[in-house]
Novice: 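Take this structure, written in structure tokens, and hold onto it; I'll ask about it next.
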Amino acid sequence: MNRRFLFVLGSARPDGNTELLARRAAEQLPPDVEQQWIDLTAHPLPDFEDLRHDSDHVHPAGGSAGLLLDATLAATDLVIASPLYWYSVSAHTKRYLDYWSGWLRTPGLDFKATMAGRTLWGVTALAHEEAAVADPLAGTLNNSAAYMGMRFGGVLLGNGSRPGDVLKDTEALARAKTFFAGEAPLARFPYKSD
């Protein structure tokens, strides 16, 4: 399977710092690597309804949920590009991840088996000097990847609050040049030692 990157943009601001940083990293991908970009504000998902004990989920036949499911299943590499909002992913991003719960229970989809072995990456911009404040966001993505049996490439962090600020973060821009290079390890839950 040829590499195909899906960039899921979770910012409430168009062309925000997180997207700018993700695009800088994506510029480094080889030209034969397919890229798809989906802005969650342009393709909003309704609130997630947990029906796992009430009824079967159905494969979405269109709309934002159908688009996101099809794009997610087609990706070898999934990049969650979410700004750090209250120390974790944005509400748009969290809702997208909540939809994974429904897709796990959609008959005939085999969502977990399909995603196993693929790679999850994160990109975020934060308005704080200490990178450790982004640990909950990184944990959310790592643990999601671990549950799904995916690889986790880590989180590319950049600093910026006002629009365009991240372009002044020379260290983040340098990390962006090699962020998608190399093989990402299989994600592990923090409590597992081996």
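Numbers for residues simply follow the sequence, beginning at 1. Since the model is a prediction, treat every value here as computed from it, not as a measurement.
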Novice: For the residue pair Asn2 and Thr76, establish whether any side-chain heavy-atom pair is separated by less than 4.5 Å.
Specialist: no

Novice: Go through it in stages, so that I can follow the logic: the residues are Leu78 and Thr119, the test is side-chain contact (heavy atoms from CB on, under 4.5 Å), and I'd like the CA-CA distance, side-chain angles, deciding distance and then a yes or no.
Specialist: CA-CA 6 Å; Leu78 177 61; Thr119 305; over 6 Å; no

Novice: Are Leu141 and Val133 connected in a single hydrophobic cluster, I mean Ile/Leu/Val/Met/Phe/Trp/Tyr linked by side-chain heavy atoms less than 4.5 Å apart?
Specialist: yes

Novice: List the steps and the verdict of salt bridge (Lys or Arg N to Asp or Glu O under 4.0 Å) for Lys168 and Asp165.
Specialist: CA-CA 6 Å; Lys168 300 174 198 166; Asp165 274 357; 3.4 Å; yes

Novice: Between Tyr96 and Leu137, is there a shared hydrophobic cluster once you connect ILVMFWY residues whose side-chain heavy atoms come closer than 4.5 Å?
Specialist: yes

Novice: Using the side-chain contact (heavy atoms from CB on, under 4.5 Å) rule, take Arg188 and Leu186 through it: C-alpha gap first, then chi angles, then the decisive distance, then the call.
Specialist: CA-CA 6 Å; Arg188 299 243 182 253; Leu186 193 61; 4.3 Å; yes

Novice: Is there a side-chain contact (heavy atoms from CB on, under 4.5 Å) between Glu34 and Arg3? Walk through the geometry before answering.
Specialist: CA-CA 7 Å; Glu34 201 172 332; Arg3 286 184 87 185; over 6 Å; no

Novice: Taking the six-membered ring for Trp, are Phe5 and Phe180 closer than 6.0 Å centroid to centroid?
Specialist: yes

Novice: So which heavy atom on His92 is nearest to which on Ser11, and how close?
Specialist: CD2-O, 4.3 Å

Novice: OG1 of Thr72 to CE of Met115: how many Å apart, nearest 0.5 Å?
Specialist: 6.0 Å

Novice: Is the shortest side-chain N to carboxylate O distance from Arg23 to Glu27 below 4.0 Å?
Specialist: no

Novice: A side-chain contact here means heavy atoms from C-beta on lying under 4.5 Å apart; do Thr140 and Leu97 qualify?
Specialist: yes

Novice: Are Asp77 and Arg118 close enough for a salt bridge, meaning some N to O gap below 4.0 Å?
Specialist: no

Novice: Parallel, tilted or perpendicular: which fits the ring planes of Tyr191 and Phe189, with parallel below 30° and perpendicular above 60°?
Specialist: parallel

Novice: For residues Leu40 and Trp37: do they belong to one hydrophobic cluster (side chain heavy atoms under 4.5 Å, members Ile, Leu, Val, Met, Phe, Trp, Tyr)?
Specialist: no

Novice: Distance-only criterion, 3.5 Å: show the donor-acceptor pairs between side-chain atoms of residues 84-91 and protein atoms not counting sequence neighbours.
Specialist:
from  : atom 1 : to    : atom 2 : distance (Å)
Tyr85 : OH     : Ala12 : N      : 3.3
Ser90 : OG     : Gly10 : O      : 2.6
Ser90 : OG     : Thr93 : N      : 3.2
Ser90 : OG     : Thr93 : OG1    : 2.9

Novice: Start with the C-alpha gap between Leu104 and Met148, add the side-chain angles, then the distance that decides, and say whether side-chain contact (heavy atoms from CB on, under 4.5 Å) holds.
Specialist: CA-CA 10 Å; Leu104 285 167; Met148 299 295 288; 4.0 Å; yes

Novice: Going hydrophobic residue to hydrophobic residue with side-chain gaps under 4.5 angstrom, can you get from Met150 over to Leu109?
Specialist: yes

Novice: Is there side-chain contact between Gln28 and Thr178, with heavy atoms separated by less than 4.5 Å?
Specialist: no

Novice: Out of curiosity, does Leu29 fall in the hydrophobic cluster containing Leu9 (side-chain heavy atoms, cut-off under 4.5 Å, transitive links)?
Specialist: yes

Novice: Between Gly122 and Phe179, what is the shortest heavy-atom contact and its length?
Specialist: O-CZ, 3.4 Å

Novice: For Phe111 and Trp103, take the angle between the two ring planes, folded into 0 to 90°, and tell me which bin it lands in: parallel under 30, tilted 30 to 60, perpendicular over 60.
Specialist: perpendicular

Novice: Between Asp169 (side chain) and Ala172 (backbone), is there a donor-acceptor pair under 3.5 Å?
Specialist: yes

Novice: Minimum heavy-atom separation for Pro136 and Ala132, please, with both atom names.
Specialist: CD-O, 4.3 Å

Novice: Measuring from Leu173:CG to Leu21:CG, what's the distance to the nearest 0.5 Å?
Specialist: 6.5 Å

Novice: Give, for atom OG1 of Thr18 and atom CZ of Arg13, the distance between the pair rounded to the nearest 0.5 Å.
Specialist: 9.0 Å

Novice: Within 45° of the ring axis of Tyr99 and under 6.0 Å from its six-membered ring centre, is that where the NZ or CZ of Lys94 lies?
Specialist: no

Novice: Answer yes or no: is there a donor N or O on one side and an acceptor on the other, between the side chain of Arg105 and the main chain of Ser101, under 3.5 Å?
Specialist: yes

Novice: Are Val123 and Val79 side-chain neighbours, meaning at least one heavy-atom pair lies under 4.5 Å?
Specialist: yes

Novice: Please list, one pair per line, the donor and acceptor atoms closer than 3.5 Å that link side chains of residues 151-163 to other protein atoms, with sequence neighbours excluded.
Specialist:
from   : atom 1 : to     : atom 2 : distance (Å)
Arg151 : NE     : Glu183 : OE2    : 3.3
Arg151 : NH1    : Ala184 : O      : 2.8
Asn159 : ND2    : Leu126 : O      : 3.4
Asn159 : ND2    : His128 : O      : 2.6

Novice: Considering all heavy atoms of both residues, which atom of Ala125 and which atom of Asn17 are nearest to each other, and what is their separation?
Specialist: CB-CB, 3.6 Å

Novice: Quick one: does Ser82's side chain get under 4.5 Å of Val8's, heavy atoms only?
Specialist: no

